[in-house]
Amino acid sequence: MELATKYNPQEVEDKWYQYWMEHKFFHSEPDGRPAYTIVIPPPNVTGILHMGHMLNNTIQDILIRRARKMGFNAVWVPGTDHASIATEAKVVNMLKEKGIDKKDLTREEFLKYAWEWKEKHGGIILKQLRKLGASCDWDRTKFTMDEELSEAVIDVFVDLYNKGLIYRGVRMVNWDPKALTAVSDEEVIYKELQSKLYYVRYQIEGEPGEYITIATTRPETILGDTAICMHPEDERYAKYKGKRAIVPLVNRSIPLIYDEYVEREFGTGALKITPAHDINDYNLGIKHHLETINIFNDNGTLSEAAQFLVGMDRFEARKAIIPLLEEAGSLVKIEDYTNKVGFSERTNEVIEPKLSLQWFCKMDSLAKPALEAVMKDDIRFYPDKFKNTYSHWMENVKDWCISRQLWWGHRIPAWHLPNHEFVVAHNAEEALQIAQEKYPDLNLTAADLKQDEDVMDTWFSSWLWPLSVFDGIRHPDNPEINYYYPTSALITAPDIIFFWVARMIMAGFEWRGTIPFKDVYFTGTVRDKLHRKMSKQLGNSPDPILLMEQYGADGVRFGMMLSSPAGNDLLFDESLCEQGRNFSNKLWNAFRLVKGWTIDPTLSQPLHSATAVLWMRERIQEVLVKVEESFEDYRLSEALMAIYKLIWDDFCSCFLEVVKAAYLQPVDQKTYDEIINLFETLMEILHPFMPFITEELWHELRERPADASIMVTPMPKATGAVNQQLLDDFANAREVIEQVRRIRSEKNIANKQALTLHVLSAKAADEGLDAVVRKLANVEQICHVAPDAEVNGASFILQNVKYAVPLTGLVDAAEEIKKLEADLKYAEGFLQGVMKKLSNENFVNNAPQKVVDMERKKQADAEEKIRLIKEQLSKLQ
RNA sequence: GGGAGCUUAGCUCAGUUGGUUUAGAGCAUCUGCCUUACAAGCAGAGGGUCACAGGUUCGACUCCUGUAGUUCCCACCA
């Protein structure tokens with residue numbers, strides 16, 4: 001059968017994924033082996049695969065596949081997140097397209113649509129992950145709104161409430177006027193915006209012609225002003241103490257107050273106060289007992305309380321109020337101004353600070369052990385620079401607003417009573433029971449209890465993920481949680497370190513008394529090669545599915561991993577995938593080569609092959625050590641690069657070229673067996689990175705049992721001692737080969753033309769290495785002669801041994817001299833540097849003996865080299 | 001406004017307690033090759049006063065200080 005010269009990943013990849021699934025290689029059950037656990041950062045149930053997921057999940061798959069082959073009972077738990085705001089927004093849009101308004105639906109009707117939609121469109125991303133080769137235990141797939149997981153969320157809420165860590169209160173919250181819900185501080189993204197600073201004057205009450213001018217970026221909120229504030233030591237305004245001012249348009253009389261909060265240098269030094277619509281104003285309002293006038297409706301339009309522009313959107317109103325102020329003679333001037341405005345992470349709507357009744361979770365006591373665990377390295381961060389970010393946030397942690405005014409999510413398990421009190425319980429029955437016990441006089445029935453309308457922040461379920469996927473909240477002593485928890489590693493992006501990572505650590509301590517994971521690997525952001533974030537708007541984000549079709553999942557995985565040290569941004573470029581595809585092709589062709597050989601059992605093993613086999617084994621050992629170290633530190637790109645070079649440069653370019661028989665000639669049995677062994681070993685080592693092609697070739701290399709897979713065979717391990725002498729000697733031989741090839745290249749000598757090589761050394765020849773040199777440099781004879789022998793031809797010096805290739809008529813003496821003189825210059829410069837050190841008494845006296853000896857050796861070597869070059873030069877001149 | 005990180009070849013990055021032959025890799029570049037595994041390839045080559053300025057030291061890419069540029073995080077400046 002003729003094999004194609006190009007590797008075709010499409011057919012191979014689907015075949016093997018199916019095979020793995022059929023044989024349940026991804027599935028794990030607790031057993032006697034040590035566990036290696038990863039829980040997937042659950043993507044939004046409505047999400048589709050983007051490059052960030054590709055990076056994140058490739059890393060997880062590599063770690064899981066490696067652990068599995070290292071003898072761990074590896075489990076990778078997949079699942080999705082219900083993503084309250086994002087999903088609800090999608091469902092609302094979908095309904096709108098059908099002509100249905102959410103307002104016209106009951107909660108139950110809406111949720112029915114939402115679930116239908118989730119069933120139909122949800123989890124696409126999990127299907128896409130299979131293309132990537134993700135070896136998730138799909139039997140364990142979880143969803144944050146599954147019944148068991150939802151119950152865990154409720155249990156946790158009730159528990160925290162009973163511990164006094166959950167409270168309800170009116171606070172200034174970040175209001176998203178589009179999603180009509182509060183969002184947490186972490187969900188607000190501040191962006192710099194080009195806006196205007198409006199200067200508006202307010203008349204002093206009872207002092208005609210006297211004005212006080214304020215500066216504001218939000219003139220529409222003037223309608224809700226309830227004070228003007230100045231610095232108490234600002235002489236400019238001292239004379240107004242005790243006076244009042246008149247708010248333009250609405251003609252409301254408001255007090256003038258004094259507070260050190262005000263910066264005298266900013267604007268006019270006078271600040272208008274709108275306690276209902278600004279967090280600082282709100283705090284000042286509390287301090288100075290100011291009236292609060294809420295001039296906005298929940299959707300961001302002006303309310304009746306504003307009196308003017310009622311019903312108009314806040315941004316429209318900002319424009320519309322200007323001519324009104326101008327007409328009233330209140331507008332002084334308008335300046336350009338750059339300020340920061342908060343946007344909702346989910347809807348990209350400008351956040352409106354709003355007073356509302358919300359549920360909060362106290363964080364102080366939860367944060368304490370979680371902070372310690374990371375600072376003490378019980379949990380290791382990779383890279384550890386994120387410890388700084390983490391500790392800063394944890395030390396200044398604020399209470400968490402956990403309620404959202406949405407329908408899609410876990411409903412707050414609180415029931416309101418007719419007497420304006422409420423009870424928190426696991427369900428309505430329990431609530432009624434508690435309420436009846438608490439208020440026996442009310443004669444309560446089920447109909448009197450009304451469940452709170454709000455749902456919980458999505459992260460209030462996500463923070464339990466490592467616990468709840470193993471049912472560790474409801475049944476803390478079940479065998480699964482006892483076996484798989486704490487998990488081994490968490491792979492996630494640094495932008496959710498507060499949302500998710502920190503809170504999972506808190507939850508781990510609160511409900512299990514221990515860490516949820518041992519290591520956290522923070523991936524970088526995937527950017528394009530111009531360093532821009534990948535985004536839909538820019539259109540610079542490739543479709544991962546198309547990429548995988550083009551380059552193979554293995555090729556894309558290779559491309560993602562090759563340049564992605566932990567925590568560093570990944571500058572993605574398709575050429576990286578191209579490199580991955582090329583590597584696949586290289587592997588494929590190496591296989592084709594070996595596959596095409598015939599074996600002659602009567603042949604004995606040639607010396608060059610025997611030597612190459614010994615060397616290749618040792619090289620693999622060397623790389624295994626490197627790979628193991630790299631994995632320890634999560635330096636996956638380094639591990640991959642080491643393997644890449646091992647396969648391409650050592651195995652293909654060198655080893656296979658040595659053992660390769662002449663055209664149509666058979667190879668001996670012994671060498672062939674070794675080649676298959678080595679090839680197989682390389683596939684084992686590479687497998688976690690490129691699972692498909694390694695499985696394919698592993699099966700092609702030998703007959704395998706029907707249910708065999710490279711996924712579950714043991715990973716080759718470093719045996720310990722590496723024969724460094726052998727490696728060094730072989731490396732030297734490769735340099736000799738390179739030099740001979742260089743001479744060929746420079747002198748235009750065809751590869752076919754065999755050469756003779758003279759080695760001017762007193763040392764005994766190493767027959768094995770000579771055999772390798774003969775083969776790869778196409779040298780028919782290597783003559784070992786005395787160091788001072790006369791040999792003409794192109795020469796070079798390696799390790800202070802002179803080599804010469806006699807060439808009749810091809811050697812240009814002038815050219816040789818030029819090259820030797822360049823070498824001489826370098827060697828002399830080098831010697832000079834060494835001598836400078838050695839002639840420095842301080843150096844000789846203070847530096848460790850070892851270092852001084854090293855310098856002396858450098859000196860001796862350099863002097864010998866110079867002698868050799870000079871000798872050679874004198875012969876030529 | 002605070003805090004943290006980064007700055008090494010054209011690009012992306014290594015450089016592990018300051019000394020390992022006057023800095024390494026991959027990609028890209030250049031030269032020569034369709035050599036019977038692979039042109040998605042083979043063989044060879046070139047390319048860096050380690051951001052800048054001081055300091056500590058016998059010795060600095062490595063430690064300290066400052067400057068510049070850059071990235072990220074946090075913060076209520078109207």
Side-chain angles (χ1 to χ4, degrees), chain A residues 3 5-7 172 190 197 214-218 229 261-263 265-268 270-274 278-283 337 339-340 353 383 385-389 392-393 396 494-495 497-498 525 529 531 555 562-565 567-571 573 575-576 578-579 581-597 629 633 635 637-638 641-642 644-645 652-653 656-657 660 662-664 738 741-746 748 750-752 826-827 829-834 837 840-848 850-852 854-855 857-859 861-862 865:
Chain A
L3 293 168
T5 62
K6 304 272 186 281
Y7 171 64
M172 182 69 73
Y190 288 90
L197 190 58
I214 58 89
T216 180
T217 52
R218 301 198 57 190
C229 187
Y261 164 76
V262 178
E263 297 249 353
E265 291 73 30
F266 189 89
T268 62
L271 172 65
K272 73 183 209 56
I273 306 294
T274 323
D278 184 281
I279 179 70
N280 305 299
D281 292 13
Y282 173 66
N283 292 333
Y337 185 65
N339 66 337
K340 280 192 176 170
K385 65 177 176 183
F386 289 110
K387 278 167 78 174
N388 290 328
T389 318
H392 185 264
W393 190 76
N396 300 287
D495 52 335
I497 187 167
F498 309 132
T525 310
K529 57 179 167 180
H531 294 237
L562 198 59
S563 68
S564 148
N568 270 30
D569 284 354
L570 174 104
L571 269 48
D573 185 42
S575 66
L576 290 167
E578 218 173 286
Q579 205 184 336
R581 180 203 56 186
N582 293 355
F583 186 43
S584 297
N585 205 46
K586 188 73 183 173
L587 291 167
W588 175 247
N589 277 294
F591 164 70
R592 278 181 64 219
L593 174 69
V594 173
K595 186 79 179 173
W597 285 338
E629 285 169 359
D633 295 330
R635 296 149 77 117
S637 57
E638 272 182 31
M641 181 52 78
Y644 173 76
K645 286 196 283 191
C652 293
S653 296
L656 287 180
E657 292 298 334
K660 192 172 173 178
Y663 184 52
L664 293 180
E738 252 175 51
R741 284 172 172 174
R742 185 181 56 77
I743 290 168
R744 278 185 191 281
S745 176
E746 281 173 4
N748 264 321
N751 291 324
K752 283 174 189 158
Y826 178 91
F830 177 75
L831 179 62
Q832 213 171 15
V834 175
K837 272 191 189 176
N840 181 342
E841 271 181 42
N842 284 324
F843 171 73
V844 182
N845 295 335
N846 294 323
K850 202 178 74 184
V851 176
V852 178
M854 182 94 66
E855 289 302 312
K857 177 161 188 326
K858 281 193 209 170
Q859 181 197 352
D861 286 354
K865 188 169 183 183

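Letters A, B, ... mirror the listed sequences (proteins, then strands); counts begin at 1. In this text the structure is predicted, and so the values were computed from the model without any measurement.
For RNA chain B, each stem of at least three Watson-Crick or G-U pairs (distances under 3.5 Å) is given as range with range: B:1-7 with B:68-74, B:10-13 with B:24-27, B:29-33 with B:41-45, B:51-55 with B:63-67.
For the C1' atoms, the distance from rA53(B) to rG69(B) is 15 Å, rounded to whole Å. Taking atom C1' in both rC50(B) and rG24(B), the straight-line distance is 12 Å, to the nearest Å. Using P as the reference atom, rA4(B) and rC13(B) are 23 Å apart when rounded to the nearest Å. When the C1' atom is compared between rC76(B) and rU57(B), the two are found 49 Å apart, to the nearest whole Å. For the P atom pair drawn from rA9(B) and rA14(B), the interatomic distance equals 13 Å after rounding to whole Å. Using atom P as the reference point in both rG18(B) and rC61(B), the two lie 13 Å apart (nearest Å). rU8(B) and rU49(B): their P atoms are spaced 13 Å apart (whole Å).
At least one donor-acceptor pair closer than 3.5 Å links the side chain of N589(A) to the backbone N or O of N585(A). Side-chain atoms of D278(A) come within 3.5 Å of backbone atoms of N280(A) as a donor-acceptor pair (strictly under, hydrogens ignored).
At the heavy-atom level, R218(A) lies nowhere under 4.0 Å from the strands shown. Contacts of Y644(A) with the nucleic acid, taken as non-hydrogen atoms under 4.0 Å apart, involve only primed sugar atoms and P, OP1 or OP2. Residue V262(A) is in base contact, counting any heavy-atom pair closer than 4.0 Å across all strands shown. The residue P848(A) sits close to a base: some heavy atom pair falls under 4.0 Å. Nucleic acid contact class of G829(A) (heavy atoms, under 4.0 Å, all strands): base. Using a 4.0 Å heavy-atom criterion, one finds that E638(A) contacts the sugar-phosphate atoms exclusively.
Distance CZ (F386(A)) to P (rU71(B)): 16 Å, rounded to an integer number of Å. Summarising the geometry, the separation between CG on N842(A) and P on rG59(B) is reported as 8 Å, rounded to the nearest angstrom. The separation between E629(A) atom CD and rG15(B) atom P is 13 Å, rounded to whole Å. Atom CE of M854(A) is separated from atom P of rG19(B) by 10 Å (rounded to the nearest Å). In this structure, the NZ atom of K850(A) is 13 Å from the P atom of rG18(B), given to the nearest Å. Distance, E738(A) CD to rG44(B) P: 5 Å, rounded to whole Å. Following rounding to the nearest Å, K837(A) (NZ) and rC58(B) (C1') show an atom-to-atom distance of 10 Å. The distance between atom NE2 of H392(A) and atom P of rC73(B), rounded to the nearest whole Å, is 14 Å.
When the nucleotides rG44(B), rC74(B), rC58(B) are ranked by their closest atom to the side chain of N846(A), rC58(B) comes out on top. Of the candidates rC27(B), rC73(B), rU21(B), the closest approach to any side-chain atom of K857(A) belongs to rU21(B). Ranking rC58(B), rU21(B), rG26(B) by closeness to the N840(A) side chain, first place goes to rC58(B). Relative to the side chain of R741(A), the nucleotides rG44(B), rC73(B), rA78(B) differ in distance, and rG44(B) lies closest.
Considering only residues two or more places apart in sequence or on other chains, F830(A) meets the side chain to side chain contact (heavy atoms under 4.5 Å, CB included) condition with V834(A), K858(A), A862(A). For E746(A), the salt bridge (charged side-chain N to carboxylate O under 4.0 Å, His left out) partners are R742(A), not counting sequence neighbours.
Under the 30°/60° scheme for interplanar angles, the aromatic rings of W588(A) and Y7(A) are found to be tilted.
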Can you tabulate the close N/O pairs, meaning under 3.5 Å, that link protein atoms to atoms of nucleotides 4-11 of chain B?
residue : atom : partner : partner atom : Å
rA4(B)  : O2'  : N388(A) : ND2          : 3.4

Please list, for nucleotides 75-77 of chain B, all pairs of protein and nucleotide N/O atoms separated by less than 3.5 Å.
residue : atom : partner : partner atom : Å
rA75(B) : N6   : K340(A) : NZ           : 2.6
rC76(B) : O2'  : N280(A) : ND2          : 2.6
rC76(B) : N1   : N280(A) : OD1          : 2.9
rC76(B) : O2   : Y261(A) : OH           : 3.4
rC76(B) : O2   : N280(A) : OD1          : 2.6

Pairs under 3.5 angstrom, nitrogen or oxygen only, protein versus nucleotides 30-40 of chain B, please.
residue : atom : partner : partner atom : Å
rA37(B) : OP1  : K660(A) : NZ           : 3.2
rA37(B) : O2'  : N589(A) : OD1          : 2.7
rA37(B) : O2'  : R592(A) : NH1          : 2.6
rA37(B) : N6   : C652(A) : O            : 3.4
rA37(B) : N6   : E657(A) : OE2          : 2.9
rA37(B) : N3   : N589(A) : O            : 3.0
rA37(B) : N3   : A590(A) : N            : 3.3
rC38(B) : O4'  : N589(A) : OD1          : 3.0
rC38(B) : O4'  : N589(A) : ND2          : 3.4
rC38(B) : O2'  : N585(A) : ND2          : 3.4
rC38(B) : O2'  : N589(A) : ND2          : 3.4
rC38(B) : O2   : K586(A) : NZ           : 3.0
rC38(B) : N3   : K586(A) : NZ           : 2.8
rA40(B) : O4'  : N582(A) : OD1          : 3.1
rA40(B) : O2'  : N585(A) : ND2          : 3.3
rA40(B) : N3   : R581(A) : NE           : 3.2

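Rounding to the nearest 0.5 angstrom, the gap separating the OG1 atom in T217(A) from the NZ atom in K340(A) is 14.5 Å. Note that the NZ atom of K6(A) and the CZ atom of R581(A) stand 9.0 Å from one another [nearest 0.5 Å]. To the nearest 0.5 angstrom, M641(A) atom CE is 13.5 Å from R635(A) atom CZ. Annotation: the span from T216(A) atom OG1 to K272(A) atom NZ amounts to 4.5 Å, rounded to 0.5 Å. With values rounded to the nearest 0.5 angstrom, N568(A) atom CG is found 10.5 Å from T525(A) atom OG1.
Of all the heavy atoms in F843(A) and K837(A), the pair that sits closest is CD2-O, 3.3 Å.
Ion pair K865(A)/D861(A) not flagged as a salt bridge, since none of the NZ, NE, NH1 or NH2 atoms sits closer than 4.0 Å to an Asp/Glu carboxylate oxygen.
When the nearest nucleotides of RNA chain B are assigned to F583(A) and D569(A) by heavy-atom distance, the more 5′-ward of the two goes with D569(A).
In this structure the side chain of L197(A) never reaches within 4.5 angstrom of the side chain of N339(A), judged on heavy atoms. Taking 4.5 Å as the limit, some side-chain heavy atom of Y261(A) sits within range of a side-chain heavy atom of L271(A). Side-chain contact between K660(A) and W597(A): present, with at least one pair of heavy atoms (C-beta onward) separated by less than 4.5 Å.
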